[in-house]
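Nothing here was measured: the structure is a model prediction, and the numbers come from that model. Chain A is the first sequence line, chain B the second, and so forth, proteins listed ahead of strands; every chain is numbered from 1.
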Protein chains: 2
Amino acid sequence: MNYNEKALEMHRKHKGKIEVTSKVALETRDDLSTAYTPGVAEPCRKIAANVEDVYTYTAKGNLVAVVSDGSAVLGLGNIGAEASIPVMEGKAILFKAFADVDAFPLCLATQDVDAIVETVRLAAPVFGGINLEDIASPRCVEVERKLKEILDIPVFHDDQHGTAVVVCAALINALKIVNKKIESVKIVINGAGSAGNAIARMLLDIGATNILSCDRQGILSRDIPQSNWVQDEIASLTNADCQKGDLTAAMNGADVFIGVSAKNVVSKEMVSSMNSDAIVFAMANPDPEIMPDLALEAGARIVGTGRSDFANQINNVLAFPGIFRGALDARASDINEAMKTAAVYAIAGLIPDAELSEEHIIPYALDKKIAIAVAKAVYDAAVSSGVSKL
Amino acid sequence: MNYNEKALEMHRKHKGKIEVTSKVALETRDDLSTAYTPGVAEPCRKIAANVEDVYTYTAKGNLVAVVSDGSAVLGLGNIGAEASIPVMEGKAILFKAFADVDAFPLCLATQDVDAIVETVRLAAPVFGGINLEDIASPRCVEVERKLKEILDIPVFHDDQHGTAVVVCAALINALKIVNKKIESVKIVINGAGSAGNAIARMLLDIGATNILSCDRQGILSRDIPQSNWVQDEIASLTNADCQKGDLTAAMNGADVFIGVSAKNVVSKEMVSSMNSDAIVFAMANPDPEIMPDLALEAGARIVGTGRSDFANQINNVLAFPGIFRGALDARASDINEAMKTAAVYAIAGLIPDAELSEEHIIPYALDKKIAIAVAKAVYDAAVSSGVSKL
């Protein structure tokens, strides 16, 4: 049975993946009087007197909303709120399994920026954090920036920043193996949406200087008009020389390829045209830009994908559980650049240099140590950057 | 230690009462590929192709939103969204414990009818039902009626209909003991909000003919203007003779008193003025309209309250878990009058006539048989009244 059939059977058997359970007993009359009426009135009174007590007496401090409008789900596109639920439930159980964060899917029946923002704002009292997911670009960037302004709890668009964190961690380790420096490598990012934008920004943060960003029209260049304001931002940050051309031209002589685009858009010839010791991260889901065996045959030295069935799984699950664990533990009002950069180095640092290899640049996704290390680094960065409310 | 202190300690220790857990294992790479990427894409595709498959592959069919705006929480009044969370989490764990319904609190940062309706509408894709809770009257009635029109999943305001169902079940059994008929008894309801309205309507449905409804201004009468449209509705349904007077006047000669109002508003003298074999349901929470010992001293034959520490606990927990279980199992598009009436008789019927007594008119709240019986009756009524979508 393949993954598709197994997934259908599993989802059908359990009717989805999440349930809402009680942390307290409800067996006796006494239990009922403590957890519900009349006892429950007392924590209500405390919170009414001091709203910060909501973190003491409710689940808020450990609850994250996984918010989607279903407009850019995996590689499936705009499939709507209902069809996005299996992914958001999946995200919720990953949060729980890897970082003991309680997460609940909010799959919204709107794809309007202001309606999404307003719905999340009104639903926010019960949540300690907001994880945005699978919202099309540039809408997702607008939604995230508006919510960050309005809310005093962390707001994080995982497709942007979770991806960027894990890509940067993987790249730091891959560059150690090929003995190249981030400052001097030529990097091509294919896919100029919100993930491509966040990856470019974070690469610049950790020292990259030479980035070309491509979409279906070819290399983005600041001297020609882009199709939306997110692409304008990317163009302004990359390709200083205003090079023109398609992805094939961009990849010629590149040291690093980072794909957040679509299946099969990279050929063996394109990989062969890259610099020696080429690094190829082909992360389109579920089918990568080029299959790992083909990329290796074409001369790539290190290959990563988003999938669990190949080596070097560059998967957001390495980042988001620990990032939210750290942010919630610090009662952070934000997840800022310092916290994300701390997560990058925490993930990269989990593999000692001596253990790095072409097939092991990033920790194994199921290693429970990852979230603990990331959470600690993010917590410390929240405190030192002044966003902890503890 | 009293309930207040125990409740604070318990809520603090566990940081609230709910958690979001996984129904599936997430230990191996294979688990990850089935529950998340790449396998999860397949249930998404199925739902995108046929939106009704959301009930097959997600948790929707068992998920209820417990929605409040924090405007009328227990007897505490308008304490706001955050301070209402302990009650809504309590409701959620009652749903789970009594009927294996997964329920999640949505405590909204607005008290505007249209904003509440729109937020619930946009959040509805993940939910199989909506339970409204602790929203002030008449706003709650407006919110409920609008949502019932818009949504194709059951919407139920528990403070109205849950209360009405349980009161009617208790009254049916109490009247058997005192050997009076619902058609001929004089009933006084104190509290002319949404609960009082729903109780009056359901009493009429099961045969009552002589109801007086009171608020702080006294007996509602259709020939004088009321303070809002819900009270206009109540007045139009009760007090056919347009009697005037205060609660004391209303209770004189009454057979049944039903309080959904405030503590200590009923004196011993008022109970003594009632007809022989008086039935007193003093359900203000946490402190009843009159304490049971006083009511009994004053001559009442049967006394019920909302509390678990006295006999005859007339508590919504007898109704809402089974009502939603039945509605969800039938995939009902509504919770209609037939379903609510079915719940009334199912609850009343759980005590055989031979076991009825002054101190045992209603099943014990923690009896797990109740929800099963209610669910079956509600399911059958959903099917026979044509609202089941199965």
Best-contacting candidate, [options], against chain B by heavy atom pairs under 4.5 angstrom:
| options | value |
| --- | --- |
| A:V51, A:I47, A:L106 | A:I47 |
| A:Y364, A:F98, A:Y55 | A:Y364 |
| A:A97, A:A365, A:C107 | A:C107 |
| A:K368, A:H14, A:E19 | A:E19 |
| A:D287, A:D53, A:T110 | A:T110 |

Between [options], who has the most heavy-atom pairs with chain A when the cutoff is under 4.5 Å?
| options | value |
| --- | --- |
| B:K91, B:K60, B:R307 | B:K91 |
| B:D31, B:D309, B:V73, B:L63 | B:L63 |
| B:L94, B:N62, B:V101 | B:L94 |
| B:G306, B:C44, B:P105 | B:C44 |
| B:A59, B:A103, B:G90 | B:A59 |
| B:L32, B:V317, B:N285, B:D30 | B:D30 |

Heavy-atom pair with the smallest gap, counting every atom of A:E133 and B:Y36: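 So the minimum-distance heavy-atom pair works out to OE2-OH, 4.0 Å.
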Least distance between heavy atoms, B:R12 atom then A:Y57 atom: NH1-OH, 3.3 Å
Working to the nearest 0.5 Å, report the span between [atom1] of [X] and [atom2] of [Y].
| X | Y | atom1 | atom2 | result |
| --- | --- | --- | --- | --- |
| B:L122 | A:D69 | CG | CG | 11.0 Å |
| B:E5 | A:E42 | CD | CD | 8.5 Å |
| A:K15 | B:T56 | NZ | OG1 | 7.0 Å |
| B:E89 | A:K23 | CD | NZ | 7.0 Å |
| A:T34 | B:H11 | OG1 | NE2 | 9.0 Å |
| B:Q313 | A:S33 | CD | OG | 7.5 Å |

Evaluate the side-chain proximity of [Y] to [X]: yes if any heavy-atom separation is below 4.5 Å, no if none is.
| X | Y | answer |
| --- | --- | --- |
| B:N315 | A:T37 | yes |
| A:P43 | B:L8 | yes |
| A:V40 | B:Y3 | no |
| A:M88 | B:V126 | no |

Atom NZ of B:K389 with >12 non-hydrogen neighbours under 6.0 angstrom: yes
Atom NZ of B:K13: over 12 foreign heavy atoms under 6.0 Å: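 No, not enclosed.
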Between A:F104 and B:F127, ring centroids under 6.0 Å: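 Yes; B:F127 has its ring centre under 6.0 Å from that of A:F104.
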Toward chain A: residues of residues 74-87 of chain B with heavy atoms under 4.5 Å: B:L74, B:L76, B:I79, B:A81, B:E82, B:A83, B:I85, B:P86, B:V87
Proximal to chain A - members of residues 113-121 of chain B, heavy-atom separation under 4.5 Å: B:A115, B:T119, B:R121
In terms of heavy-atom proximity below 4.5 Å to chain B, should [X] be classed as side chain, backbone, both, or neither?
| X | result |
| --- | --- |
| A:L26 | both |
| A:N4 | both |
| A:K96 | side chain |

Short side-chain to backbone donor-acceptor contact, A:D102 and B:V20, under 3.5 Å: yes
Side-chain donor/acceptor of A:K17 to backbone N/O of B:A35, under 3.5 Å: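 Here the side-chain-to-backbone pair exists.
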